[in-house]
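Got a structure for you, written out below as structure tokens; questions coming shortly.
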Protein chains: 2
Amino acid sequence: MRMEEGAMHRTTIAKAARQADVGVETIRFYERKALIERPPRPAFGGYREYPAATIERVRFIRQAQKLGFSLGEIGDLLSLSADPSADCADVRERARVKLGEVEDKISRLIEIRHALDELIDACPGSGALGACSIMESLMGQGTQSAGTRPGKEKRP
Amino acid sequence: MRMEEGAMHRTTIAKAARQADVGVETIRFYERKALIERPPRPAFGGYREYPAATIERVRFIRQAQKLGFSLGEIGDLLSLSADPSADCADVRERARVKLGEVEDKISRLIEIRHALDELIDACPGSGALGACSIMESLMGQGTQSAGTRPGKEKRP
DNA sequence: CCTAAGACCTGTAGTAACTATAGGTTCAAG
DNA sequence: CTTGAACCTATAGTTACTACAGGTCTTAGG
């Protein structure tokens with residue numbers, strides 16, 4: 001029972017998705033976004049088949065996303081990888097920019113955490129909303145900080 | 001030039017937006033989302049006018065957003081504030097939940113920062129992409145185990 | 001051989017929180 | 001009385017998917 005091309009291993013979209021650890025719809029979505037190539041449908045019937053290189057590419061996309069890159073940025077990175085004149089320094093620079101963005105986000109979130117912390121701490125914890133210091137501070141204008149209460153220990 | 005109703009102080013949408021420190025389109029957007037009331041157009045011509053309470057509400061929304069609340073959550077908060085049986089503890093609980101979410105986000109971003117840091121550090125800084133350790137790490141296998149995904153494309 | 005299940009296909013609509021048009025009306029000044 | 005600004009409604013775009021609807025294709029069972 002010989003089969004040319006190893007027929008039982010035909011990588012249809014569902015298998016490709018499993019190999020790249022994404023959903024089928026995600027693959028189709030990347031195709032629509034032109035991040036990956038769309039395998040043509042075989043001329044004489046059958047489903048589209050995904051070459052290993054395409055699955056690799058999807059994995060690349062997911063890895064880059066985990067580092068905070070957007071699909072647009074990842075598209076750039078992928079074009080870069082196809083460019084023989086591209087230099088490593090270019091990639092590193094993009095990573096540095098991303099790092100800066102991540103650091104900014106962290107700072108903003110830490111400020112939010114601090115504000116929430118103070119509000120939660122200052123809140124009496126029961127009673128009508130008219131007396132709720134959290135609601136009050138939201139009603140109050142812009143750059144207002146929460147009312148202070150005795151000491152609050154700091155979080156590491 | 002006397003005018004009934006203090007004509008020069010009519011708060012049209014642009015003035016309301018300025019007072020709440022948002023764009024005109026944002027006000028209209030909140031109206032569509034039913035977060036604020038839509039002042040009716042005067043029966044006999046003229047523009048819609050925004051009462052102070054509505055502008056307050058917009059400010060409330062912006063303040064709550066700064067703490068990381070989504071518009072959906074803010075809608076709940078606003079309903080709560082209209083409910084005489086609502087308790088301060090309820091608001092505080094929502095703040096606590098939000099604080100938890102913010103902390104999770106911070107942790108995830110710190111992990112990303114760490115990963116980027118290491119990649120940048122390990123990168124040779126020049127040379128072809130074939131030798132770029134950042135690209136390599138993106139190409140390389142992620143935390144991948146083939147078939148971790150459910151066979152069927154439905155997730156709970 | 002026929003049927004039914006399941007995987008595939010295309011295309012569209014929904015999510016969050018706006019922003020930005022297009023195309024029309026109304027108002028205030030010159 | 002004519003600009004020009006501000007208003008009005010309605011729609012499309014953004015991000016990264018997800019979830020259908022409604023059809024086609026393949027394959028396993030009877």
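So that the names make sense, note that chain A is the first sequence line, chain B the second, and so on, each numbered from 1. When reading the values below, keep in mind they use all heavy atoms of this one structure, side chains included, and skip hydrogens, waters and symmetry mates.
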Which donor-acceptor pairs under 3.5 Å do the side chains of residues 77-86 of chain B make with protein atoms, sequence neighbours left out?
unit_1   : atom_1 : unit_2   : atom_2 : d
Ser79(B) : OG     : Gly75(B) : O      : 2.9
Ser81(B) : OG     : Leu78(B) : O      : 2.8
Asp83(B) : OD1    : Ser85(B) : N      : 2.8
Asp83(B) : OD1    : Ser85(B) : OG     : 2.9
Asp83(B) : OD2    : Ser85(B) : OG     : 3.4

Salt bridge flag under 4.0 Å for residues Lys98(A) and Glu101(A): yes

Donor-acceptor pair, side chain of Arg92(A) and main chain of Cys132(B), under 3.5 angstrom: no

Donor-acceptor pair, Arg113(A) side chain versus Glu103(B) backbone, under 3.5 Å?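 Checked: no pair found.
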
Atom CD1 of Ile13(A) to atom C1' of dT18(D): distance rounded to whole Å? 14 Å

Need one value for Arg28(A): base, sugar-phosphate or nothing, where a base atom within 4.0 Å counts as base even if backbone is also close, heavy atoms only.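 Result for Arg28(A) = base.
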
Summary of protein contacts for nucleotides 17-30 of chain C, nucleotide by nucleotide, where a base hit scores B, a sugar-phosphate-only hit scores S (4.0 Å, heavy atoms): BBBB-----BSS--

Below 4.0 angstrom from OP1 or OP2 of dC9(C), is there any side-chain N or O of Arg48(A)? yes

Angle by which the axis turns from one end of the helix from dC1(C)-dG30(D) to dG30(C)-dC1(D) to the other, five pairs per end, to 10 degrees: 30°

Round to a whole Å and report the spacing from OH of Tyr50(B) to P of dA6(D). 16 Å

Value in whole Å for how far the C1' atom of dA5(D) lies from CZ of Arg18(B): 12 Å

salt_bridge(Arg94(A), Asp90(A)) N-O dist < 4.0 Å: yes

Check the distance between dT15(D)'s P and Leu35(A)'s CG and give it to me in whole angstrom.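 After rounding, the gap between these two atoms is 12 Å.
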
Under 4.5 Å between side-chain heavy atoms, counting indirect links through other Ile/Leu/Val/Met/Phe/Trp/Tyr residues: same cluster for Tyr47(A) and Ile55(A) or not?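 Per the 4.5 Å side-chain linkage, Tyr47(A) and Ile55(A) are not co-clustered.
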
Counting only side-chain N and O atoms of Thr12(A), is one of them less than 4.0 Å from OP1 or OP2 of dA7(C)?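 No, because none of the side-chain N or O atoms of Thr12(A) sits under 4.0 Å from OP1 or OP2 of dA7(C).
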
Under a 4.0 Å threshold between the charged nitrogen and the carboxylate oxygen, would Glu31(A) count as salt-bridged to Arg28(A)?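 Between Glu31(A) and Arg28(A) there is no salt bridge, as every charged N stays at least 4.0 Å from the carboxylate O atoms.
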
Salt-bridge criterion met for Glu111(A) and Arg108(A) (N-O under 4.0 Å):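 Looking at Glu111(A) and Arg108(A), the cut-off is not met.
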
